[in-house]
Amino acid sequence: MDGNTDRLNITVGGMTCAACVSHVEKALRNIDGVTNASVNLASERATVDYLSNITNISSLRHSIENAGYSFYGTSQDTYNEPETEKELSLLKIRFFFGLIIAASIMVLSLLSYDNNTLFMILATPVQFWAGAPIFSRALSALKHRMTNMNTLITIGTFITYFYSVTITIIHDYLDSTVSSETYFETSSAIVGIVLLGRYMESKSKAKVSDAIKSLMSLHPPTSRVIRNGLETIIPSEDTVLGDLVRLKPSEKIPVDGDVMEGSSWVDESMLTGESSPIEKIAGSKVYAATLNTTGTMIVKATGTGRETVLSRIANLVEDAQGSKAPIQRLADTISGYFIPIVLVISVITFVCWTIFGPSFTYSVLTAVSVLVIACPCALGLATPTAIMVGTGKGANIGILISNGEILETLHDVDTVVFDKTGTLTEGTPAVTDIISNEFDSNHLLKLAASVEQRSEHPVADAIVNAAKAASIELSDVHGFISTPGCGVEGYVDGLHISVNNINYMDGKDSSVSHLLTKSRELSLNRKTVVEVTHDGKSKGLIAVSDPIRSSSKDTINALEKMHIETVMLTGDNRVTAEAVASELSIKNIIAEVLPEEKVKQIVSKPLS
């Protein structure tokens, strides 16, 4: 889209079949300035691309309403949910009423209680009250010289109802020799069953749209902003670009922004799937709805409201649910001709059976049967519903699907690329080995954990959790110092203890050469190793590893059986990556890649 082209998602009410989709699309595309319009029946949403310097939202609204449908708003936020619940409740009452009346007439007929006047009195409110939503939409379509599934239902039930009324009047009041057989239960049952289907469809749509609602609900409701030197708590939607937002431990971040002061570890798993917290310092970027775990920071807002990464993800899911797969476009094209063809077939059926059939009644019933059997129109509804369910379920488990065409073409996939941490592995480091040079293993773990309890690093969390699991009581640490990228140190029980990156063992004397050898062995087995020292002398090693997910091996094997190639793309060093790949039998590895470079690797590099 060029600079003058906008895209709008519009909620459209009153659509019941693929013919409605065709009518709305045609109405929108006939507007000057509209470059494309795609309508999804299941999501009741129209996606419109238009030139903002030629047309506007008001024109789009008038076009939809002039076509006989309802304009419910341009975003999910404007949709009146309480009103929708009220409509659903009324729809439920209507279909229950219709089915109960139909069942009552059937039971009375089976008991040989044939009172057509009573049956007519019972069926009349079903026909004119319960079925009102169906008939009003059929009438609206007729006013615009269009047909839809409501047209078929209306014609079928009204013919059945008024035929039965005519028979009742003639038999009961004019000529008792005329057959008394009526079909009030049929017209009532058709209305009840159709309304039941509409109710189930509406409930299904509401459940699927929960994927977007659940994403947007991750935004915290309030922000702690600093304006004119004063700190104030305001609704998150009132935050503006450039605001300074103070973040405290265990709080969700309300905006996208840049860290101006302070440092912390942020859990970004809801965005990235990476379960290990990410360290944030001055200059780092943070994102709305992620969790600030430990420190205090001041962040300058660079994205608020619908301009955050999370909102853009929600828009992506929304666009995907409203998109059309190629097979759906074919189904909609066919369905556009479906109703006129059914009407013609019904008329032909009536004429043929009137000429060659046993009776006029039989010809009426067969013509009505053609109309009623065609009513479900699964052709136009099944495909968009499948797309909505697929994209909605994917969003709920962290898989974002950009459009319906992706779902249709998935069977052509020949390569699947996996991230390592948090995808193939659990993403939660745990202590696997403790090698002591002098102290008892539990004592070494206690000293290390006592220092690390003041640290915010994921490896520190693993060491502290291991001590707690072993019921080791930690000591207080004094003089704590943390050196990013190197390690931590402090005094524990009067001893100067440091826990350092293993790289700092290089060049040490031969008395700890066996520890250096062991550390290299552990590293080759995809483990992160730290050194524990007392007064600068090595006292042992602690190895931490991110366990491979129990389902990873089965997943890789299943893909291999489907002849789909697997690739591991990771930011970790190649030694660790090769160890994980070897255990999972993955042959293709792309290692030491920065997060922002991963997409480029997939797009620009052959993976095999």
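No hydrogens, no waters, no symmetry mates; every other heavy atom, side chains included, goes into these values. Residues: numbered from 1 along the sequence shown.
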>> Among Ile10, Thr11, Val12, exactly one meets side chain to side chain contact (heavy atoms under 4.5 Å, CB included) together with Tyr72. Which residue is that?
In response: Thr11
> So do Glu279 and Ser263 actually touch side chain to side chain, heavy atoms under 4.5 Å?
Replying inline: no
> Taking the side chain from Ser450 and the backbone from Lys446, do they hold a donor-acceptor pair closer than 3.5 Å?
Replying inline: yes
> How about Thr239 and Ser223: does a side-chain donor come under 3.5 Å of a side-chain acceptor?
Replying inline: yes
>> Check this for me: Phe480, atom CZ, are more than 12 non-hydrogen atoms of other residues, nucleotides or ligands nearer than 6.0 Å?
In response: yes
>> Test your reading of the model: is there a side-chain donor-acceptor pair from Asp440 to the backbone of Asn442, 3.5 Å cut-off?
In response: yes
>> Show, in sequence, the C-alpha distance, side-chain angles and deciding distance for Val459 and Val499, and conclude whether the side-chain contact (heavy atoms from CB on, under 4.5 Å) test is met.
In response: CA-CA 11 Å; Val459 172; Val499 184; over 6 Å; no
>> If we ignore hydrogens and angles and just use 3.5 Å, is the side chain of Asn292 paired with the main-chain N or O of Gly295 as donor and acceptor?
In response: yes
> Do Thr293 side-chain atoms and Trp265 backbone N/O form a donor-acceptor pair below 3.5 Å?
Replying inline: yes
>> Quick check against the 3.5 Å criterion: does Lys280 have a side-chain atom that pairs as donor or acceptor with the backbone of Lys285?
In response: yes
>> Applying side-chain contact (heavy atoms from CB on, under 4.5 Å) to Asp6 and Tyr50, what does each step give before you reach the verdict?
In response: CA-CA 6 Å; Asp6 289 339; Tyr50 67 101; 3.8 Å; yes
>> If we count only N and O atoms by modelled type, under 3.5 Å, do the side chains of Ser498 and Thr533 hold a donor and an acceptor together?
In response: yes
> Are more than 12 heavy atoms from other residues, nucleotides or ligands located less than 6.0 Å from atom NZ of Lys553?
Replying inline: yes
> Under 4.0 Å between a Lys/Arg side-chain N and an Asp/Glu carboxylate O for Asp243 and Arg227?
Replying inline: yes
> Taking Ser552 as the fixed residue, which of Leu584, Thr423, Asn557 is the one that meets the side chain to side chain contact (heavy atoms under 4.5 Å, CB included) rule?
Replying inline: Leu584
>> Between Glu560 and Lys587, does any side-chain N to carboxylate O distance fall below 4.0 Å?
In response: no
> More than 12 foreign heavy atoms under 6.0 Å from CD1 of Ile281: is that the case here?
Replying inline: no
> Checking Thr222 side chain against Ile233 main chain: does a donor-acceptor pair fall under 3.5 Å?
Replying inline: no
